[in-house]
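The analysis underlying the following values was restricted to heavy atoms, covering all of them including side chains, and did not include hydrogens, waters or symmetry mates.
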Amino acid sequence: MVQGRCSAVAATVLLCCLLLHFEVAQSASFTVGGRGGWTFNAAAWPKRKRFKAGDTLVFNYNPSIHNVVAVNRAGYKSCKAPKGAKVFKSGKDQIKLKKGQNFFICNYIGHCQAGMKIAVTAA
């Protein structure tokens, strides 16, 4: 009886590991803005791209003049970061997408208004 339980537990652990590996193997990485990186007029960059939850967006930029702020829809539309918004400022940020809509802006004065913002929907 004990051997049967151990086998069942081992099989369950193995199955969980395989599913986790499959999920990780299926995620993709996207460099926002392509070779030009995270910069002005980025709003159109996500068009015709397919994103999934767990995919990673890589934001490359000069951290002395830009940042990345994860915002909600209202923050995206108004170009204002809501209180408590997560601000990234390394210049090489890697952000995993959550299922549904994901919004990002640069909140340096005038940058979001100049198109330094993206809206990505992850399936």
- Query: So is Lys49 actually on top of Phe51's ring, under 6.0 Å and inside 45° of the axis?
  - Reply: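 No, Lys49 does not lie over the aromatic ring of Phe51.
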- Is there a path of hydrophobic side-chain contacts, each under 4.5 Å between heavy atoms of I, L, V, M, F, W or Y residues, that connects Ile105 with Val68?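 No.
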So do the side chains of [X] and [Y] get within less than 4.5 Å of each other, counting heavy atoms only?
X      : Y      : value
Phe30  : Val58  : no
Lys117 : Cys79  : yes
Val32  : Ile118 : yes
Thr56  : Ile95  : no
Val71  : Pro82  : yes

Tell me every residue that passes ring pair (Phe, Tyr, Trp, His ring centres under 6.0 Å) with [X], counting only those two or more places apart in sequence or in another chain.
X      : value
Phe40  : His66, His111
Phe59  : Trp38, Phe104
Phe103 : Tyr76

Restricting to non-hydrogen atoms, name the atom on [X] and the atom on [Y] that form the minimum distance, rounded to 0.1 Å.
X      : Y      : result
Ala70  : Ala85  : O-CB, 3.5 Å
Ser90  : Pro63  : O-CG, 3.9 Å
Gln101 : Thr121 : CG-OG1, 3.7 Å
Ala53  : Ala122 : N-CB, 3.6 Å
Ser27  : Gly54  : CB-O, 3.4 Å

- Message: For Lys80, is there any backbone N or O sitting under 3.5 Å from a side-chain donor or acceptor partner on Lys77?
- Response: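 No, because the side chain of Lys77 does not come within donor-acceptor range (under 3.5 Å) of the backbone of Lys80.
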- Task: With rounding to the nearest 0.5 Å, note down the distance linking OG in Ser64 to NZ in Lys89.
- Result: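 So the gap between those two atoms works out to 13.5 Å.
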- Item | Option among Asp93, Thr39, Asn67 that satisfies the side chain to side chain donor-acceptor pair (under 3.5 Å) test with Tyr61 |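 Result: among Asp93, Thr39, Asn67, Asp93 is the only option passing the side chain to side chain donor-acceptor pair (under 3.5 Å) with Tyr61.
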